[in-house]
Amino acid sequence: MFSPHTKAKNNFSYFSKKLNGLSLYSNHIAFRFLYSFFLPAALSKNIVVTRYNAVFRFAANKNNFVYFSKKLNGLSIFAQIFKIMSKPELTEQEGIRRKSLKRLRELGINPYPAAEFKVNATAADIKANFSDNDKKYKDIIFAGRLMSRRIMGKASFAELQDHTGRIQIYVNRDEICPNDDKTLYNEVFKKLLDIGDIIGVKGFVFVTQMGEISIHVKELFVLNKSLRPLPIVKEKDGKTYDAFTDPEQRYRQRYVDLIVNPQVKDVFMKRTKIINTMRNMFNEYGYFEVETPILQPIPGGASARPFITHHNSLNIPLYLRIANELYLKRLIVGGFEGVYEFGKDFRNEGMDRTHNPEFTVMEIYVAYKDYKWMMGFTEEICERVAMELHGTTKVQVGDNIIDFKRPYPRVTMYEAIKEFTGYDIAGKSEKELFEICDKLGIETDPTMGKGKLIDEIFGEKCEGNYIQPTFITDYPKEMSPLTKEHRDNPELTERFELMVNGKELANAYSELNDPIDQRERFEDQLKLSEKGDDEAMFIDQDFLRALEYGMPPTSGMGIGIDRLTMFMTNSSSIQDVLFFPQMKPEKKAVELTDDEKLILKLLKENSPVELTTLKTNAALSNKKWDKAIKGLTKNKLAKVENSDAGLFVEAV
């Protein structure tokens, strides 16, 4: 009945028949396993039978049956399943907030109203522009998140935070509850609202006796009841306590980060300003913004490892694009003078402080230009962006002051390598380059061709030395399969990379528009692929066909928006300039016993440590020691390794 390709729905039908007439709890358990294990994929007969038997062995336990029979009495089988499987585990605070939510509804207050709330003022506007004579502040409507509260009998102060900042509000019981019913103040405001809730107020602006601009509330509205407590950041004597600063938490829960660390918004506002400054400049030049495919049949335009997916209707593999280049150059063939695109690219490669597998890039291509013209254009971009954000070309990046004022030095790649390694690599063979890498202590592998070897030498020995903006020019042909041959030296290409603070910021070419030469370059890349280079370029036959119709002399350039934002906002990690950076799967918290905590603490103080020494320091009985060390290794918090010197334990 069950072949390896049996559909999940057939498994479901089979088990539905088998479950008929079973006890309530057996039904629940079997269906729970059915949803977890049988529906997601087709399973072989052996796997299905094994899991089916396991279900009913577990269901046969008498105590389990009695417990669940009571819990599930009277519910339909599917209600039983979902009630148990979907019930969240709540903290004490979360439980209290849900009770408050229930009470609000009992009072006839909708905690999640649908109607528009027409705000006419912001915190920043009020603080910057309020005056007693300005009538617009006599009748304001404001909304924000409750961030603090000071209750004092029948009058209270609180702080609301909107997208522009915080402002104090003054709430008087008798003003928001003019009639005999004081529930809105005495119960809703004082007891049922929590830090993090979103409320709306109507009233007027005034200055308190302490001189603080505040909103005198006449009407109060609940706009959203939050069910999770925010991290509470405390300040005392100029010091901050309990700040939400753990990087992993901040990146995973950026929504919380933005609430409790509002200064984080500044980075992303500057990021948008960078993009808008560049877009305005390109539009002034008369260039045209376009969009090109993200799903591509061939991942072209760069040397990188792509992500691959499958199109079900067409039954073909597709790739997430690694670069915009080849489609943008098709548009130059089609007659556009200049085209540009801000887009997402994807590379299935490593992650670190300066690389994310999904990243934003700007690529621009302009007809009848060359890479020398593009250098000046790139300088103008950087200078404009710096001036727009900072009012100066000098920008703090880490410990360095980077000056983006034009012009920037030009250094050939061969000159750079000779300066920092002492080797002149001009005309060197692949074998000679391997030997130079060995002498320089640079790691290589047999799949590398000349281009990758030269790239490794430059990256390891030269790149980090260029702190101020510098153009590295005239790359070897092997490194640049889409670049026009140098007009003066056929071994080189007309290419540059802009180095800033020891990192590449921009990459540009005089674009190769000779279709025969381009085909030969693609074929050279194919040979590298056959050697095992999984980043070698594919042959794009349609792009070659486009070139055969004729592409005018063109220069193209790409800038990494994420890295440019890092420089312009003095951010040390790419995760700081991405709202939602790619993260490793979130690990569930592991409940540790006291003995496990003790051993883990000792390992944090000294790791690796000899097993007998650790056991002695832990001072546990043999039984407790065995149980604790097994628990730590099982949860991958520690590992035991055997070496010539004996058994050692190391924290993972």
Side-chain angles (χ1 to χ4, degrees), residues 274 278 281 302 353-355 361-364 369-387 389-390 392-426 440 442 451 454-477 479-480 483-484 486-489 492-510 555-572 574:
I274 288 168
M278 295 171 71
M281 175 180 161
R353 294 178 68 83
T354 59
H355 295 88
V361 68
M362 185 290 303
E363 289 198 33
I364 185 167
K369 307 297 184 185
D370 66 3
Y371 81 137
K372 292 182 179 179
W373 177 89
M374 190 59 79
M375 287 186 209
F377 189 74
T378 305
E379 288 172 333
E380 184 179 352
I381 293 172
C382 295
E383 187 175 274
R384 275 207 197 192
V385 167
M387 290 298 297
L389 262 65
H390 304 289
T392 175
T393 59
K394 294 182 179 181
V395 178
Q396 183 80 42
V397 182
D399 296 330
N400 302 310
I401 300 292
I402 307 297
D403 193 348
F404 287 98
K405 186 172 179 60
R406 298 179 272 182
Y408 307 155
R410 278 100 163 126
V411 180
T412 70
M413 172 162 275
Y414 284 174
E415 290 171 347
I417 290 175
K418 188 172 182 180
E419 179 183 356
F420 292 105
T421 70
Y423 287 97
D424 184 352
I425 65 168
L440 293 172
I442 295 173
I454 294 170
D455 192 34
E456 285 295 314
I457 294 171
F458 179 81
E460 288 288 327
K461 301 298 181 180
C462 308
E463 187 174 273
N465 296 294
Y466 294 102
I467 303 302
Q468 295 303 319
T470 304
F471 290 116
I472 304 299
T473 69
D474 302 346
Y475 282 51
K477 188 180 290 187
M479 292 182 65
S480 313
T483 311
K484 184 170 286 189
H486 198 283
R487 65 195 76 176
D488 299 323
N489 185 342
L492 305 178
T493 58
E494 296 197 347
R495 174 185 176 185
F496 73 77
E497 288 185 328
L498 176 60
M499 298 294 162
V500 177
N501 204 45
K503 295 290 182 182
E504 173 203 339
L505 177 60
N507 186 22
Y509 315 148
S510 291
S555 184
M557 185 267 293
I559 288 183
I561 297 300
D562 305 325
R563 190 164 292 175
L564 179 59
T565 304
M566 287 174 65
F567 292 153
M568 292 294 174
T569 60
N570 195 16
S571 300
S572 60
I574 194 171

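A quick note: this is a predicted structure, and the numbers were derived from the prediction, not measured.
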Q) Any sub-3.5 Å donor-acceptor pair from Asn570's side-chain atoms to Gly398's backbone N or O? A) yes

Q | Met557 vs Ile381, side chain to side chain contact (heavy atoms under 4.5 Å, CB included): CA-CA, chis, key distance, verdict | A | CA-CA 12 Å; Met557 185 267 293; Ile381 293 172; 3.6 Å; yes

Q.
Given 3.5 Å as the limit, does a donor-acceptor pair link the side chain of Thr470 with the main chain of Met499, or not?
A. no

Q | Heavy-atom side-chain contact between Cys382 and Leu498 under 4.5 Å | A | yes

Q: Start with the C-alpha distance between Val385 and Phe404, add both sets of side-chain angles, then the distance that settles side chain to side chain contact (heavy atoms under 4.5 Å, CB included), and finish with yes or no.
A: CA-CA 9 Å; Val385 167; Phe404 287 98; over 6 Å; no

Q: Mind checking salt bridge (charged side-chain N to carboxylate O under 4.0 Å, His left out) for Glu497 and listing every partner two or more places apart, or none if nothing turns up?
A: Arg495

Q. How long is the gap from OG1 on Thr483 to CZ on Phe496, to the nearest 0.5 Å?
A. 11.0 Å

Q.
Can you tell me how far apart OG1 (Thr378) and CG (Leu505) are? Round to the nearest 0.5 Å.
A. 9.0 Å

Q: List for me each residue that meets side chain to side chain donor-acceptor pair (under 3.5 Å) alongside Thr421, sequence neighbours excluded, and say none if there are none.
A: none

Q) Partners of Tyr408 by ring-ring contact (aromatic ring centres under 6.0 Å, His included), sequence neighbours excluded? A) Phe471

Q: Could you list the residues that satisfy ring-ring contact (aromatic ring centres under 6.0 Å, His included) with Tyr414, not counting sequence neighbours?
A: none

**Q.** Distance in Å, Arg384 CZ paired with Met278 CE, rounded so as to fall on 0.5 Å steps
**A.** 11.5 Å

Q: Give the C-alpha distance, both sets of side-chain angles, the deciding distance and a yes or no for side chain to side chain contact (heavy atoms under 4.5 Å, CB included) between Thr493 and Lys484.
A: CA-CA 6 Å; Thr493 58; Lys484 184 170 286 189; over 6 Å; no

Q) Considering residues at least two apart in sequence or located in another chain, which fulfil the salt bridge (charged side-chain N to carboxylate O under 4.0 Å, His left out) criterion with Glu419? A) none

Q: Report the residues that fulfil salt bridge (charged side-chain N to carboxylate O under 4.0 Å, His left out) with Lys477, sequence neighbours left out, ordered by chain and then residue number.
A: Glu485

Q. So, the side chain of His355 versus the backbone of Ile574: is there a donor-acceptor pair under 3.5 Å, distance only?
A. no

Q.
Would you say that Ile472 contacts Cys462 through its side chain, given a criterion of any heavy-atom pair below 4.5 Å between the two side chains?
A. no

Q: Sequence neighbours left out, what pairs pass salt bridge (Lys or Arg N to Asp or Glu O under 4.0 Å) with at least one residue falling in residues 396-407?
A: Glu383-Arg406

Q: Over all heavy atoms of both residues, which pair between Ser572 and Arg353 is shortest? Give the atoms and the distance, please.
A: OG-NH2, 2.9 Å

Q. What heavy-atom pair brings Pro476 and Met413 nearest, and what distance separates the two atoms?
A. CD-SD, 3.8 Å

Q. When rounded to the nearest 0.5 angstrom, what distance separates CG in Leu389 from CD1 in Ile274?
A. 5.0 Å

Q: Check for a donor-acceptor pair, side chain of Ser555 on one end and backbone N or O of Tyr509 on the other, with a separation under 3.5 Å.
A: yes

**Q.** Exercise: identify the closest heavy-atom pair between Ile454 and Met479
**A.** CG2-SD, 3.6 Å

Q: List for me each residue that meets side chain to side chain donor-acceptor pair (under 3.5 Å) alongside Gln468, sequence neighbours excluded, and say none if there are none.
A: none

Q: Please name the pair of heavy atoms, one in Ile457 and one in Ile442, separated by the smallest distance, quoted to 0.1 Å.
A: CA-CD1, 3.7 Å

Q. Which pair of heavy atoms, one from Tyr371 and one from Glu494, lies closest together, and at what distance?
A. CD1-C, 3.5 Å

Q) How far does CD1 of Ile559 sit from CE of Met362, to the nearest 0.5 angstrom? A) 4.5 Å

Q. Please walk me through it: do Phe377 and Lys369 pass side chain to side chain contact (heavy atoms under 4.5 Å, CB included)?
A. CA-CA 11 Å; Phe377 189 74; Lys369 307 297 184 185; over 6 Å; no

Q | Interatomic distance, Thr473 atom OG1 to Met375 atom CE [nearest 0.5 angstrom] | A | 5.5 Å

Q: Using the salt bridge (Lys or Arg N to Asp or Glu O under 4.0 Å) rule, collect all pairs that involve residues 558-570, keeping only residues at least two apart or in two chains.
A: Arg271-Asp562

Q. Can you tell if the side chain of Asp488 reaches within under 4.5 Å of the side chain of His486, non-hydrogen atoms only?
A. yes

Q. Nearest heavy-atom pair of Val395 and Ala386: which atoms, and what distance?
A. CG2-CB, 4.1 Å

Q. Does anything in residues 459-470 pair up under salt bridge (Lys or Arg N to Asp or Glu O under 4.0 Å), and if so which pairs, sequence neighbours excluded?
A. none

Q) For Tyr466, what residues pass the ring-ring contact (aromatic ring centres under 6.0 Å, His included) criterion, not counting sequence neighbours? A) Phe420

Q) Mind checking what makes side chain to side chain donor-acceptor pair (under 3.5 Å) contact with Glu379, not counting sequence neighbours? A) Arg410

